[in-house]
Each structure stands twice: as C-alpha cells, then as structure tokens.
Amino acid sequence: MSKIGIIGAMELEVEQLKSEMTVSNIVTRAGMEFHEGTLNDASVVVVRCGIGKVNAALCLQILADLFEVTHVINTGVAGSLNAKLDIGDILISKDALHHDMNVTIFGYQAGEVPQMGCREFPADDRLVKLAEDTCKKVNPDINVCVGRVVSGDQFISDKAVKEGLISGFQGDCAEMEGASIAHGAYLNQIPFVIIRAISDKADDSAEMDYPTFEADAAKHSAALVKAMIKNI
Ligand code: ADE
C-alpha cells in the first residue's frame, strides 16, 4: 500500500494539509514534526522541513528510514524563471538540480554533484502526469507547466542571477529545497514529484511580490497535492 511523504518548507505550505487530514500520530525528529495519518483516502506523512537544502535532505531521509514512504511530494512556492510562468501558475517538476553545486574545475558540469552519474534528478513520470492531469481537472483556470526546478541556498531576487539560472541550467523555477528532495529520493529509489506555485519572478520585483503572493500560491499547490494523492 502507498504511503506518501508530503514535504513543505514553510508552515503556510503545509498548514492546509495538516488541518484537513486525520492525524493518527505525530513524531518529532531533527526538530521537525511528522504528521502521520490519512488525507483524501490516502495514507500520508505531512511535514514542514524548514528552509533550505540541508533541512530538506534530512527530512527526506527521515521519511525514507522511519516512515518507509513509497512516494514523496514536495509542495510549495517558487520564483519563476520562465516567461510563460506567471505569479499564481503551477510548475510540476520534470527534474531538479542543484544550481549552487560547482565542481567544474575538475570537469563536472555546473550543477553536477561529483560521482553521482547524473546532473539532474528525474521526477517520476507517473506522478508528473497525475499532477498535470489533476491540475487541469481541478484547477482549469490555473496555467500549469512541466519543467525544471533549480534549487540553491539563496533567494533569487536579481535579474542577472536569474538570467544565469536560465542560460546555465535551463531552469523554469527557482526555490531552495526541491533538488535536495529529488537527490535524496533518487538515492533511496523513491518516486517523487515537486509541485510549486509561482509567488514571484525571481528578479528585482521578487522582494515585493513574494510576501504579497506567497500565501495564495502555497494554497494552490497544496490543493493540487490533496486532489492528486487519492489516485497514487
Ligand atoms: N521561493 C519562492 N521564490 C523564490 C525565489 N525567488 N528564490 C528562491 N526561492 C524562492
């Protein structure tokens, strides 16, 4: 039977899911509260991992080892790197990579973790399709794209940095956890998908837009997660 780990970095990315689920158990590890129970007829573990790649990686490993989840979904918000993705739209990961990994001096591609054998971690095709189909069904007014998540321990709010993420990595959205969740899921052989609603354009307007739009964007993403999980 499926058991789905659902990770959000911030409380507002998981609060709706936690309030709507039936909780059977709460376990604290590494300062994170893992809420185990059922949501929309699915067995789930919902957790706020905190911001950044280290928090996300720790959380993934706890979900793998302690809860033995069969699938992982990362829900949250992101800055858009793609002109087709506006604030409020949704990006579903085709794959994810670390934009702040750089060992090019020894011949690796920018973003490639040495000795892994791949630069980008592919999301699970079935989860990607399910997320896309569910989004079109339950949120027909929301523009949804499948694309690349690029992650780093930085909030992107500078046009030149944004351009570098587009030209260097062909990123469609930037955030701060997805690649670590993807990386951990890849090592543990757990199918994953990242779902991110756009809160800002990752440029000089991001500082203003992010606080204005993050709550609504986070709700869009969580609503899609809730709708899709019963079909996993
Ligand atoms: N999450 C939401 N917007 C972001 C941005 N511009 N950079 C990094 N993470 C984000």
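Heads up: numbering here begins at 1 and tracks the sequence. Counting starts at 1 for both ligands and their atoms, following the listed order.
A salt bridge is absent between R48 and E13: the closest approach of a Lys/Arg side-chain nitrogen to an acidic carboxylate oxygen does not fall below 4.0 angstrom. Using a 4.0 Å cut-off between charged side-chain N and carboxylate O, E120 and K94 make no salt bridge.
If you check the side chains of T75 and S221, you find a donor sitting under 3.5 Å from an acceptor. For the residue pair N74 and E177, no side-chain donor N or O sits within less than 3.5 Å of a side-chain acceptor on the partner.
A 6.0 Å sphere centred on CZ of R29 holds no more than 12 heavy atoms belonging to other residues, nucleotides or ligands.
Remark: F213 engages no residue in a ring pair (Phe, Tyr, Trp, His ring centres under 6.0 Å) (not counting sequence neighbours).
Pocket lining of ligand 1, defined as residues with a non-hydrogen atom under 4.0 Å away: V77, A78, G79, Q154, F155, I156, A174, E175, M176, S199, D200, A202, Y210.
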